[in-house]
Visitor: 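Sending over a structure as structure tokens; questions will come in a sec.
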Amino acid sequence: MTKFSDLALDPRVLKAISEAGYETPTPIQAQAIPHALQGKDVLGIAQTGTGKTASFTLPMITLLGQGRARARMPRSLVLAPTRELAAQVAENFDVYAKHTKLTKALLIGGVSFGEQDKLIDRGVDVLIATPGRLLDHFERGKLLLNGVQIMVVDEADRMLDMGFIPDIERIFSLTPFTRQTFFFSATMAPEIERITNTFLSGAVKIEVARQATASETIEQQLIALTPSRRDRSFTEKRAVLRELIKAEGEACTNAIIFCNRKMDVDVVAKSLKSHGFNAAPIHGDLDQSVRMKTLDGFRDGSLHLLVASDVAARGLDIPAVSHVFNFDVPTHPEDYVHRIGRTGRAGRQGKAYTIATPSDDKYVGQIESLIKKPIPRGQTPAIEIREGAPDRPERSERRPSSRDRGEKRPRPVADHGREASREPFRPTETVEAVEPVREERPREERPREERSRESRPREDRSRSGERRSDSRSDNRRDQRREDAPVVGMGDHMPDFLLRSFAPASSE
Ligand code: AMP
């Protein structure tokens, strides 16, 4: 078996690896590092948890070992889709480069431009950034990208989801074509394939097992819940969640609880806290310092339950999570794989519970066809049913009638888990599917095109000849529509409301 010492890494890097306690490279490291050290472009198809960060950081540090940074001209560039992922790469860099004199700067939203400018002015070897923030610095004339020798694009499929691909293309075109490129993505969507064909040359393609196939150590259970009333679904799901956590007892050393909507992340965290659980939320609306503090607490064990949205938790490296609870069934089946992949890592045992109401049937079906097997049905815990106000009066659900109020009676919830192992999971007529809102990201983390479009009138855009009918712009429009806050319209803004009725101004 290959050892790190067999790879031609800088001895200072080898020392840092050994101090970090690693001896054997992971498959992506063993395959990527030798090619990277020979100066080749690398296309890695791998997810978080495979050791991919070190697979580009270690050769990068080795290759940059010689030479010095020049003012405002970083020698290498790492692009990550979110602040947390960028910060995580920066932490990795600090660990592996600690015996070298290489310098780095982290360009992410939520940090003042002034501080970041100072670092760049002095000259850095490695610049780690989110695409929007990087282009902001570039356009302010504070940064030159023509000294970039190595460029890394991490989590490209997430960049695609978040609408960052035009930014990435622009950044590629601002760096010298002689640069070496490391490009990582968990999947190869056609758009990603196109970019790699355009910007990588003679790349060595390395594919490591998807987490979906490596997840034998994760015990999955679907907990079916038919709410006593459709407007009590949210409340009853919270009660089921508490029972599931309690039932796990000591075995649940720490857990991530995923919600589809960021506003639910807050409510679920608050509710858990009020019931005596040690829980905190993480989502894109929280201040960067709060997000970092919460994550640190979760990593060091002082926080037991992390309630998260997909975007906030994506790709975060939290090594030992014993449990994942899907408070909501994810509406994108790949998110299920990502979510449950937070547990059972590195050969450890993990448990993933998913609470599903009958309205989730469609999404459960999609997940099961993606993972190519049914999710085993678990026993639904009994909860106390309180007949009170609806759990979300602000939604389009009905207000409580006088009959609904005040009364309290215990009633076990029907065990659909056992039923479901014999019968297909079927929706009932009474429960209405509520389409989730995609998480809104802080403005500076959104793609630049999206940001500049926001500040331009619509008719202006169509006059400027932008193509609106291709699937990319449609995707972006959909993303924008999903990101836009909707007030008083339920979860969907009808398409016609997004059109401008203003007459074209006379020129
Ligand atoms: P990543 O996929 O880069 O997010 O890494 C996942 C986790 O694996 C991180 O906690 C790394 O510190 C850890 N890791 C990276 N390389 C190795 C290795 N060779 N052996 C054991 N753990 C590693």
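All ligand and atom numbering here is 1-based and tracks the order in the structure.
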Visitor: Go through ligand 1 atom by atom and flag the ones less than 4.0 Å from a non-hydrogen atom of T53.
Guide: 1 (P), 3 (O), 4 (O)
Visitor: Look at D136 together with R133 and state whether they make a salt bridge at an N to O cut-off of under 4.0 Å.
Guide: no
Visitor: Checking T130 side chain against I108 main chain: does a donor-acceptor pair fall under 3.5 Å?
Guide: no
Visitor: Pick out which of R72, Q116, K142 makes a side-chain hydrogen bond (donor to acceptor under 3.5 Å, both in side chains) with H137.
Guide: Q116
Visitor: Closer than 4.0 Å to some heavy atom of Q29 - which atoms of ligand 1 meet that?
Guide: 15 (C), 16 (N), 17 (C), 18 (C), 19 (N)
Visitor: Which residue from D154, T50, T24 reaches closest to atom 19 (N) of ligand 1 through any of its heavy atoms?
Guide: T24
Visitor: Any luck finding a side-chain donor-acceptor pair between D10 and T62 under 3.5 Å?
Guide: no
Visitor: Enumerate the atoms of ligand 1 whose separation from the nearest heavy atom of K52 is less than 4.0 angstrom.
Guide: 1 (P), 2 (O), 3 (O)
Visitor: State the atoms of ligand 1, each with its element, that fall below the 4.0 Å cut-off from a heavy-atom position in T26.
Guide: 17 (C), 18 (C), 19 (N)
Visitor: Decide whether Q29 and Y22 meet the rule of one side-chain donor and one side-chain acceptor closer than 3.5 Å.
Guide: no
Visitor: Within a distance under 4.0 Å of any heavy atom of F4, pick out the atoms of ligand 1 and give their elements.
Guide: 19 (N)
Visitor: I'd like to know if E191 pairs up with R194 as an ion pair, taking the criterion as any Lys NZ or Arg NE/NH1/NH2 lying under 4.0 Å from an Asp or Glu carboxylate oxygen.
Guide: yes
Visitor: Using a 4.0 Å heavy-atom cut-off, which part of E23 comes near ligand 1: side chain, backbone, both, or neither?
Guide: neither
Visitor: So, is P25 polar-close to ligand 1, with some N/O to N/O distance under 3.5 Å?
Guide: no
